[in-house]
There are 2 protein chains.
Amino acid sequence: MHDPDARTEAANRDAVQRLFNGQPRLVDVRPAIDALPGMTRDTVLTSGPPLPWSEYTGGQRQAILGGVVYEGLAPDLEGAEKALANGDVRVAGCHDFATVGSLAGVTTASMPVLVVEDRNSGHRGHCTLFEGETKARLNYGLYDQDVQQNLEFLADVIGPTLGEVVRSVEGGIPLRPLIERALRQGDELHSRNTAASLLFLREIVPALLDLASPHARALTDYMTSGDYFFLRLSMAASKSTADRAYDVPGSSVVTAMAFSCREFGIRVAGLGSRWFRGPLPTPETHRLFPGFTADDIEVMGGESPITEVNGLGGLAQAAAFPLQAYQGGTPQRMVERNLEMYEITVAEHPTFRIPFLEYRGTPAGIDARRVAATGITPVMDVGIAGRAGGQIGAGCFRAPLQPFLDAAAALDATA
Amino acid sequence: MHDPDARTEAANRDAVQRLFNGQPRLVDVRPAIDALPGMTRDTVLTSGPPLPWSEYTGGQRQAILGGVVYEGLAPDLEGAEKALANGDVRVAGCHDFATVGSLAGVTTASMPVLVVEDRNSGHRGHCTLFEGETKARLNYGLYDQDVQQNLEFLADVIGPTLGEVVRSVEGGIPLRPLIERALRQGDELHSRNTAASLLFLREIVPALLDLASPHARALTDYMTSGDYFFLRLSMAASKSTADRAYDVPGSSVVTAMAFSCREFGIRVAGLGSRWFRGPLPTPETHRLFPGFTADDIEVMGGESPITEVNGLGGLAQAAAFPLQAYQGGTPQRMVERNLEMYEITVAEHPTFRIPFLEYRGTPAGIDARRVAATGITPVMDVGIAGRAGGQIGAGCFRAPLQPFLDAAAALDATA
């Protein structure tokens, strides 16, 4: 094939087919050290295209420091600063360890992670557990006694109990059918996971009843106390699916979108694990909890846009009108934005469907070349952190154009 | 007040406020004979404005006969015909026994009913249990060995176990919060109860784990095998709420809509339990299961439009776009129909809200006078039975105009 457009098109068809063929299922929950390839006791993972330690600032820096102390790698935050500065502890990017992180995304060796395996390829994607409705969340830039106790509860009770339940289910728990159903129940599987969390609960109730674990009640309370339990599963499922599309020569299909406190970055199928970096995303609409203003917003990173890579989140907004109460905007604008995304994707998802659009498949397979050509960048539904730590709201953000221009140019250079 | 319009308006405000103040909660599940006021062993209840026994035909007649045999009031269907003809068994209308019935709505003494109580007024509404996804359902006009065994399973296992669970929950299970949430998850609480059924499951999981009943697994399987468990709760909750609005002199707010195999009827708040009758509803859109045509449709009755009386179902269609796959139509038409209902209702529901309409309250309190004046009649989302028995599809039906004209005239006559 000498026609470069035809070659890109064929490669993109291949890449997107890999996304569409993903069959993620939750097969285990276990400590990161046992689950993540290459993980070590002295590694702290965090969100976004990796940076030297000195570049991490604000809440993301605080979260990393907290992670070092939580893991017992330093006695206190001051000691953690030293251990990171002298290299006793190394910081690395989640995406390079087959995992994704929410907000700051700090993942340390003893933290339990959801283990999601693609049935067809065996590719695994992981994600830590939701820290709960509490304001005291490491990944929103806080570390204190409450945060530590909550993380210990996840590691000692929730992780092991959920792991026991999941391992008792023959073949694991298929996640794709739950995602498909949740799209018919007002979720877009990024900033809204209300129905999906219930659907998951329904799947494990029989196992919960059979196991009669002393912690079954605690696990149920944890899973049902908020509406975000399933987000981590949506992320791990999307990661296991997206990783199937690495290394499709010539393909401009996006395989990762992530950001740190400083930069937004993407990967494309044709260029493996190379990051293309640019400025941080900008809010298009957002809604803040009472008492906060836009001045309070601080970006601490995030890898949940892996769901958009998989045709969910911002690319499925018209399935989730209730989101307007959480992140602002109007239903009409949500529909317009969702329709706009068809212009920068290579296909329509065969089973992720939007009821309001007469069950049209979600726009899927973000094409860096189309983004570069049209100037339309992907939208992402994300949680918003505050300068003083903690979540202060949510919003719909727009990716920067630069990484897509650079990826398209790099693909040209290799053509 | 000498201005009749002003008097009607004040009465309607009163009536609709009673609908809005309803706080239904599930407090028990027990046999109809123990729960329904006035119920006797030799009574068979059925849907719609009551008719003499000889007037019941087709599937509704078959269901009544089956109910007589199931209850042990006759040895077989032939004996049941005799018992009904000679008055040994009497047929009566569900609505007069504080209960509502799905489709044929047959309710006999030993069948378990959901007991829903309004916290404020103490009014109780009831409904039998969903017979499951099976085709073998008494209330779709069938009675055979399978139907009988299924009804026995409901009476011997499901009813008692669910009753035990419900009674163990202090104060019962509040249903209104579940309905409000389900409206944000793609349900309209009549023909779509997918999310509500899950939300109810979530409420009782802790009690299920604590009770450790040997039937917990069977109950869970029953509740989660289909998506319609909650419809009966939505109906009983709506009945307990609507009954609060009986006897508001001068009010033209509708307090019941129901049909038999022959007639559709309504009640209005100003005229107590008097029925205003008219021809059967007509399908506006419908979708039939593969292999069936419109010629196969048979009306066997139904009282599930009590949900429309309560501002749900057809009056909340724009909350439930996935319904198009079940009962036909387009999202645009669903929105248009939903908006049209604001023209014949006296208020917007304060807590039943539609995300797509920017969280506008559902049109609530159907006003017989406005229906009479505009000629716009209520829409209802209903299941469709077939001539050979069983469900063959679902559709959106339009109520006839006559009962509303007659009710308005009767109100004039009493003014």
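Chain letters run A, B, ... following the sequence lines, proteins first, then strands; residues in each count from 1.
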What part of Thr224(B) gets within 4.5 angstrom of chain A, counting heavy atoms only: side chain, backbone, both, or neither?
both

Most heavy-atom pairs under 4.5 Å with chain A, out of Thr220(B), Asp187(B), Ile354(B), belong to Thr220(B)

Any side-chain heavy atom of Phe321(A) within less than 4.5 Å of one from Tyr359(B)?
no

Value rounded to 0.5 Å, distance of CG in Leu198(B) from OG in Ser197(A):
11.0 Å

Please look at Leu183(B) and chain A and tell me whether the side chain, the backbone, both or neither of the residue comes under 4.5 angstrom of a heavy atom of that chain.
neither

Below 4.5 Å from any heavy atom of chain A, which atoms of Arg181(B) appear? Answer side chain, backbone, both or neither.
side chain

At what distance, to the nearest 0.5 angstrom, does CG of Leu208(B) lie from CG of Leu209(A)?
6.0 Å

Turns out that what part of Arg192(A) lies under 4.5 Å from chain B's heavy atoms comes down to side chain

As an exercise: rank Pro355(B), Gly186(B), Ala182(B) by heavy-atom pairs under 4.5 Å with chain A and give me the winner.
Pro355(B)

Heavy-atom distances under 4.5 Å only: say whether Leu201(A) touches chain B with side chain, backbone, both or neither.
side chain

Measure distances from Leu199(A) to the heavy atoms of chain B and classify the residue's part below 4.5 Å as side chain, backbone, both or neither.
both

Considering only heavy atoms from C-beta outward, does the side chain of Gln185(B) approach that of Thr194(A) to under 4.5 Å?
yes

Do Arg202(A) and Arg202(B) make a side-chain contact, defined as non-hydrogen atoms from C-beta onward lying under 4.5 Å apart?
no

Could you tell me if the side chain of Val205(A) sits less than 4.5 Å from the side chain of Arg217(B), heavy atoms only?
no

Using non-hydrogen atoms and a 4.5 Å limit, figure out which bit of Ala325(A) sits close to chain B: side chain, backbone, both or neither.
both

Under 4.5 Å from a heavy atom of chain A, the part of Asp210(B) involved:
side chain

Would you call the rings of Phe356(B) and Phe356(A) parallel, tilted or perpendicular if under 30° counts as parallel and over 60° as perpendicular?
tilted

Cationic N near anionic O, under 4.0 Å, Arg184(B) to Asp227(A):
no

Looking at Pro331(B), is its backbone amide N or carbonyl O close enough to the side chain of Glu358(A) to form a donor-acceptor pair, meaning the two atoms are under 3.5 Å apart?
no

